[in-house]
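For reference, the structure discussed in these notes is given below.
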Amino acid sequence: MISPFLFIFSCLSSTVFGISDELISPRKLPMFVDDLPDMPKLLGFHGQHPNHLQIGMFLKTWKFHRDLPPTPVFAYGISKDSATVPGPTIEAIHGISTYVTWQNHLPSKHILPWDPTIPTAIPAGNNGVPTVVHLHGGITEPASDGHATSWFTNGFKNKGPSWTKKTYHYANQQHPGNLWYHDHAMGLTRVNLLAGLVGAYIIRHPDVEAPLRLPYGREFDRSLLVFDRSFLYNGSIFMNSTGNNPSIHPQWQPEYFGDVIVVNGKAWPRMRVRRCKYRFRIINAGNARFYRFFFTNGLKFIQVASDSAYLAKPVVSKAILLAPSEIADVVIDFSKSTTNTVILANDAAYPYPSGDPVNEANSKVMKFYISKNKEVETQHVPKKLIQYPKPDLSSASYTRYIAMYEYTSDIDEPTHLYLNGKPYEAPVTEKPKVGSTEIWYVINLTEDNHPLHIHMGLLAALEQTELVHLEEFKDCMTKKNDAVKCKIKEHARGKRIKVNSHEKGWKNVYKMMPGFVTKILVRFSNIHSNASYPFDATAEPGYVYHCHILDHEDNAMMRPFKLVY
């Protein structure tokens, strides 16, 4: 964990050129002057038949703010002219396959600094930008999961060791809900996403969802991809080129934070809404920033889904905490607003939970201008949504302990992070059975809250328990790396934190509190039916699980796992 003040200082001190190469203060950019974009839609189906999409990654410029010069970005799209940041929203239908040929049209060199001293995809001759696309939340065959070592460069000239094919197959046989696609190249995820390679993906199931009568249609059902950036006066995205341990890692920093909050590609946008219900699928697509969203006039969130799965019933709250990669699917009833304008705001410390408080810039997200005219309400939120099987401990066939470590240099700055004390390259140690359910005790021995993402796995959080005599336990774990031998049960006796109501469903990511052990149930099967996977989930190259703070994932808080029969 690095202080944002140290980060900003190092950013400023690294600037040695003219004013165009200096950081622009967020105060120079007035808020709420750009309209919220509605990203282009691509249909992953053709009637009742599969559709084959060709989506490229392009270097182009993008206007993030009215007063910023165009910014060089990497953008997804079917052509360079139509490519956007974030990329087009892919809409799929349950039961109908979508095929996507992901095409890399990027230049030979990256537009952002990267660090070859961490485990990184480096093409032959260092020529080209490696990319690979992961469908986050997807129940996907291994060859189409976007494995970190399945990367490829422009024109497939260079390919990673586990690359197998150009066209990915998304079966869309899973439950309906919200997913998102993003780059996942080894050691480059943080810089490729920072450059713009993110986009939303929705699986719809009309037979199941239509009876819910939730807000629908392009006006009332919107995806919001939220992330933070810093910019130079010339419009370029700023990422520090000097690491916190430059003699060890010349560029890598433990967390990236920008003071400009971007929603659907615009800085602090505005949206005009009617006095009725809207559905917002909010995706935290940032590198490291947590958001605790709230409305400045007390307007409430009605949450209907968390990550890719519907909740059993709606949950009403005044604030929602989202870690990087988490999704909150909410309905906002603007007819309840006591004012004609309202700001969606944020008050999460950064790094979370013990970092610095928000400032004037990063505490604002976007502004809604609400019509004064009353509406005849035609959409509603039902009392019950979709009931999936509840977590059943008796179904668990195996118990695992997953420990999170952070390592520091002699100047007490982070050098790298591991899961279970092992680098990514170490042999696979997790081999769950297809169709099985397991109990994982995730032990966070660091100072940061780590959002854990398990590819293919659906997880249900059960409880979080504080570790007592933490330093004694840390010392033992550092030496033995064995939770049982270090008597985890004697240390997991502190205060217990109950799972929030809106997080009790099946999720793709869960926030692992520092100094706590989190008990989760991990399911390697469908939740909406007893049908087996429509592909061989044991095939190569397997899957991964990792922290979704991208700077941590890249160095090297990620481990492979292999499903077996």
Does a salt bridge link Arg281 with Asp221, judged by any charged N lying under 4.0 Å from a carboxylate O? yes

The criterion is ring-ring contact (aromatic ring centres under 6.0 Å, His included); which residues satisfy it with Phe58, sequence neighbours excluded? His105

Classify the ring geometry between Tyr99 and His52 as parallel (under 30°), tilted (30 to 60°) or perpendicular (over 60°). perpendicular

Evaluate ring-ring contact (aromatic ring centres under 6.0 Å, His included) for Phe301 paired with Phe293, printing each intermediate quantity in order. CA-CA 9 Å; Phe301 300 90; Phe293 294 113; 7.3 Å; no

Pairing donors with acceptors under 3.5 angstrom, does anything connect the side chains of Thr518 and Gln464? yes

Residue pair Pro130 / Asn192: nearest heavy atoms and the distance that separates them: O-ND2, 3.1 Å

Looking at Phe227, does the NZ or CZ of Arg229 lie under 6.0 angstrom from its six-membered ring centre and within 45 degrees of the ring axis? yes

Residue of the set Asp356, Asp228, Asn362 for which side chain to side chain contact (heavy atoms under 4.5 Å, CB included) holds with Phe257: Asp228

May I ask you to check whether Tyr278 and Phe220 place their ring centres under 6.0 Å from each other? yes

No-hydrogen, no-angle side-chain donor-acceptor test under 3.5 Å, Asp448 and Thr446: no

Of all residues at least two apart in sequence or in a different chain, which pass the side-chain contact (heavy atoms from CB on, under 4.5 Å) check with Asp145? His134, Thr140, His455, Tyr543

Using the side chain to side chain contact (heavy atoms under 4.5 Å, CB included) definition, which of the options Val208, Leu311, Ile527 pairs with Ile386? Val208

Salt bridge present between Arg204 and Glu209 (N-O < 4.0 angstrom): no

For the residue pair Phe368 and Phe334, categorise the inter-ring angle as parallel (less than 30°), tilted (30 to 60°) or perpendicular (more than 60°). tilted

So does Asp347 pair up with Arg292, basic N to acidic O under 4.0 Å? yes

Less than 4.5 Å apart, side chain to side chain, heavy atoms only: is that true for Thr71 and Ile237? yes

The criterion is salt bridge (charged side-chain N to carboxylate O under 4.0 Å, His left out); which residues satisfy it with Arg270, sequence neighbours excluded? Asp35

